[in-house]
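Have a look at the structure below before the remarks.
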2 protein chains.
Amino acid sequence: MPIQKISRQELLLKSISTFREKGYYRTSMRDLAEACGLTKGAFYHHFSSKEEVMKHCLIFSCNWFKENVYTIAYLPKLTAKEKMSKMSQKLLKTFTTGNGGCFFANTVIETSHVEDTFKGILKEYFQEWESAMVFILLSKYPEVEAKKLGKRTIVDIEGSIVLMQLHGDIQYLQDSIDRCIELC
Amino acid sequence: MPIQKISRQELLLKSISTFREKGYYRTSMRDLAEACGLTKGAFYHHFSSKEEVMKHCLIFSCNWFKENVYTIAYLPKLTAKEKMSKMSQKLLKTFTTGNGGCFFANTVIETSHVEDTFKGILKEYFQEWESAMVFILLSKYPEVEAKKLGKRTIVDIEGSIVLMQLHGDIQYLQDSIDRCIELC
DNA sequence: GTCTATACACAGATAGAC
DNA sequence: GTCTATCTGTGTATAGAC
């Protein structure tokens, strides 16, 4: 059995980069194929439609966040401050590596008033993020306050990414991350 | 001299609604023309390209904010709290009337990594907004703090709009507006 | 000023050779 | 599994009749 030249994971990673930078509608199947070093025809062998590529990209990316970022909130041996610091730094690095800021926020803004196709996975991403934030904050604040602050950290980070992208200045996100860490 | 059936302002308002809801790339010239009750051919009589329509939409909308929202910050007879309250309420109403949240933030996210075409006007919009916020806060806070808080209010509002759009829940933006007013 | 008709490029998607 | 070739729709933009 011959080994395929490019792995599914590699296809998804390259596609995520392209979608994140150019947006969903602006990205063509030709763009995706070329990013993966393939022709359109070959690319269609792996995915049946652009929508399907996007769905798998969102699911793959969401799982990556769950396994590599949000999981930090539930590590038993860390203090609340250590968790928040570690998780926030990881978010900072993720959102500033490559171009395009937050893949999920971009997709919300681009698609949420045009189609519901991706709403489920988008909501799941933000829900998992919020749960992780609230879980950390619960060891420092009463429940109502922790929930309020958890929501607020995400709002703060996403807003800072918009202004970071406009001005090309990481400081916006850095300040937002600092505010998160100061909560613990 | 015959009067034109549709005014330039009407063309821009309808185009802004369409761009705001569907995004720049997803909106076609046919969409814009139909929103104005015209055919593509007639629409091209008014604007030479889609990029030109967008530029004029952004400029028109930015001027509208300057004349109808940001100007509140400089009304001499109001207290800081009154200014912040009035301006924030106006922002809330604007961002929740019709669909699409913040036209400018949407355009930042959609275009800033693809082309620089609209960056100038986008930066002006956010700069004018920040100046207005900082001007109000300067009567309550020392300069460094006022500038920091001014930036933060915008980050907060823009982030809340992202989550508002995802969940279809105005409360996100309402909470952000409340936090702004509480600063004064 | 608005219309129909059209040119041309590129999009998403499929078929079939290798 | 990848390629080339092709189908079909739609996009931007223009030309010319009314």
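Naming: A, B, ... by sequence-line order, numbering from 1 per chain.
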| What are the residues of residues 16-35 of chain A, sorted by number, that bring a heavy atom to within less than 4.0 Å of DNA chain D? |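 Result for residues 16-35 of chain A: none.
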| Among C/dT2, D/dT2, D/dT12, the one nearest B/L38 by side-chain distance | C/dT2
| field | A/S49 side chain, from C-beta outward: closest of D/dG1, C/dT2, C/dA13 | value |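 Output: C/dA13.
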Please name all residues satisfying salt bridge (charged side-chain N to carboxylate O under 4.0 Å, His left out) with [X], sequence neighbours left out, ordered by chain then number.
{"X": "A/E21", "value": "none"}
{"X": "B/E182", "value": "none"}
{"X": "B/D31", "value": "B/K22"}

| task | Establish, with yes or no, whether the OP1 or OP2 oxygen of D/dT2 is under 4.0 angstrom from a side-chain nitrogen or oxygen of A/T39. | result | no
| field | B/H45 side chain near C/dT2 phosphate (N/O to OP1/OP2, under 4.0 Å) | value |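 For C/dT2, neither OP1 nor OP2 has a side-chain N or O of B/H45 closer than 4.0 Å.
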In whole angstrom, what separates [X]'s [atom1] from [N]'s [atom2]?
{"X": "A/K50", "N": "D/dT10", "atom1": "NZ", "atom2": "C1'", "value": "13 Å"}
{"X": "A/F43", "N": "D/dG1", "atom1": "CZ", "atom2": "P", "value": "14 Å"}
{"X": "A/E10", "N": "D/dT2", "atom1": "CD", "atom2": "P", "value": "13 Å"}

Find every protein N or O atom lying less than 3.5 Å from an N or O atom of nucleotides 14-18 of chain C, and list the pairs.
none

| field | Electrostatic pair B/E82:B/K86 at N-O distance under 4.0 angstrom | value | no
| field | Distance-minimising heavy-atom pair for B/Q9 and B/F60 | value | CG-CZ, 3.8 Å
| If you take all heavy atoms of A/K83 and A/I136, which pair is closest and at what distance? |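 Minimum heavy-atom separation between A/K83 and A/I136: CB-CD1, 3.8 Å.
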| query | Are A/M87 and A/L138 connected in the hydrophobic side-chain network, where two residues link if heavy atoms are under 4.5 Å apart? | reply |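 Cluster IDs for A/M87 and A/L138 differ.
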Counting only pairs under 3.5 Å, give me each side-chain donor-acceptor contact of residues 122-129 of chain B, with atom names and distances, residues two or more places apart or in other chains.
from, atom 1, to, atom 2, distance (Å)
B/E124, OE2, B/K66, NZ, 2.5
B/Q127, NE2, B/S131, OG, 3.2

